[in-house]
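Below is one structure, written out as structure tokens; comments come after it.
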Amino acid sequence: MWGFLIAMLSGALMSVQGVFNTGVTKETGPWLTNCFVQFTGFLVCLGFFLFMEQGKVPVTELFKIDHKYMLLGGVIGAFITFTVIQSMAQLGPAKSVMAIVVTQVFVAYLIELFGLFGVDKVSFSWSKLIGILVAVAGIIVFKWES
């Protein structure tokens, strides 16, 4: 239950953040906004690390990660921020988030289906595929202009 509540909070925060970032971008630019977002995010994370985790996990552990490509999360995050800003500016918050979420579900299912990046492989499920197609249909209905 907590997992779903946290996921819902994450979705809500991502929607609000996307609107905020798009607003800032209108007055500055996408990459300056992205720099500010990533920098302030870094400061918040650094603060939490220093007050909650310092001493529990040495920073040097990052250099011992088996799969170095896993360290690209921040790089990917910069492109996520940029693409969210661009999509919200062009589609608006609701359409943008719907497309983002459905794509997230589809790609996450592919990752599980093929066991990519060390994730446990799952069997193909028609019900999951139908669920994704229903979500895509939902986007079409939502986007439909009368």
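What's counted below: heavy atoms across the whole structure, side chains too, no hydrogens, waters or symmetry copies. Everything numeric in this text was worked out from a predicted model, so none of it was measured.
Taking the side chain as every heavy atom from C-beta outward, Val59 and Phe49 approach each other to under 4.5 Å. Phe124 places a side-chain heavy atom less than 4.5 Å from the side chain of Leu129. Between Asn21 and Thr81 the shortest side-chain heavy-atom distance falls below 4.5 Å. When side chains are defined from C-beta on, Ile85 counts as touching Thr33, because their heavy atoms get closer than 4.5 Å. Using a 4.5 Å heavy-atom cutoff, the side chains of Met88 and Val19 are in contact. Side-chain contact between Phe117 and Met70: present, with at least one pair of heavy atoms (C-beta onward) separated by less than 4.5 Å. Put simply, the side chain of Val97 does not reach to within 4.5 Å of the side chain of Met14, judged on heavy atoms. Put simply, the side chain of Val44 reaches to within 4.5 Å of the side chain of Phe48, judged on heavy atoms.
How far CD1 of Ile100 is from OG1 of Thr83: 6.5 Å, rounded to the nearest 0.5 Å. Rounded to the nearest 0.5 angstrom, Lys128 NZ and Phe106 CZ are separated by 14.0 Å. Note that CZ of Phe36 and OG1 of Thr25 are 12.0 Å apart. Values are rounded to the nearest 0.5 Å. If you take CD1 on Ile6 and CE on Met1, they are separated by 11.5 Å, rounding to the nearest 0.5 Å. Taking CG from Leu91 and CE from Met98, the interatomic distance works out to 11.5 Å, rounded to the nearest 0.5 Å. Rounding to the nearest 0.5 Å places OG of Ser10 at 9.5 Å from CD of Gln17.
Counting heavy atoms of neighbouring residues, nucleotides and ligands inside a 6.0 Å radius, atom CZ of Phe51 does not exceed 12 of them. When the shell of 6.0 Å around NZ of Lys68 is examined, it contains more than 12 heavy atoms from other residues, nucleotides or ligands.
Using a 4.5 Å cut-off between side-chain heavy atoms of Ile, Leu, Val, Met, Phe, Trp and Tyr, with links allowed through other members, Phe114 and Ile132 fall into the same hydrophobic cluster. When hydrophobic clusters are built by joining Ile, Leu, Val, Met, Phe, Trp and Tyr residues whose side-chain heavy atoms come closer than 4.5 Å, directly or via intermediates, Ile65 is not grouped with Val57. Cluster membership check: Val37 does not share its hydrophobic cluster with Leu32, using side-chain heavy-atom separations under 4.5 Å among Ile, Leu, Val, Met, Phe, Trp and Tyr. Val16 and Val101 are members of different hydrophobic clusters when ILVMFWY side chains are connected at heavy-atom separations under 4.5 Å. Residues Phe82 and Leu72 are members of one and the same hydrophobic cluster, defined by side-chain heavy-atom contacts under 4.5 angstrom among Ile, Leu, Val, Met, Phe, Trp and Tyr.
Under a 4.0 Å N-O distance rule, the pair Glu61/Lys64 qualifies as a salt bridge.
Under a 3.5 Å cut-off, the side chain of Asn34 and the backbone N or O of Ala78 do form a donor-acceptor pair. No donor-acceptor distance shorter than 3.5 angstrom exists from the side chain of Ser96 to the backbone of Pro93, with no hydrogens or angles considered. Of the possible donor and acceptor atoms, one in the side chain of Thr22 sits under 3.5 Å from a partner among the backbone N and O of Gly18.
Legend: residues meeting side-chain hydrogen bond (donor to acceptor under 3.5 Å, both in side chains) with Lys95, ordered by chain and number and at least two apart, are Glu145.
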Could you walk me through whether Phe4 and Trp2 pass the ring-ring contact (aromatic ring centres under 6.0 Å, His included) test, one step at a time? CA-CA 5 Å; Phe4 280 106; Trp2 279 111; over 10 Å; no
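A side chain to side chain contact (heavy atoms under 4.5 Å, CB included) with Val102 is found for exactly one of Val134, Val107, Val136, namely Val136.
In terms of heavy atoms, Tyr109 sits closest to Ser125 at OH-N, 2.8 Å.
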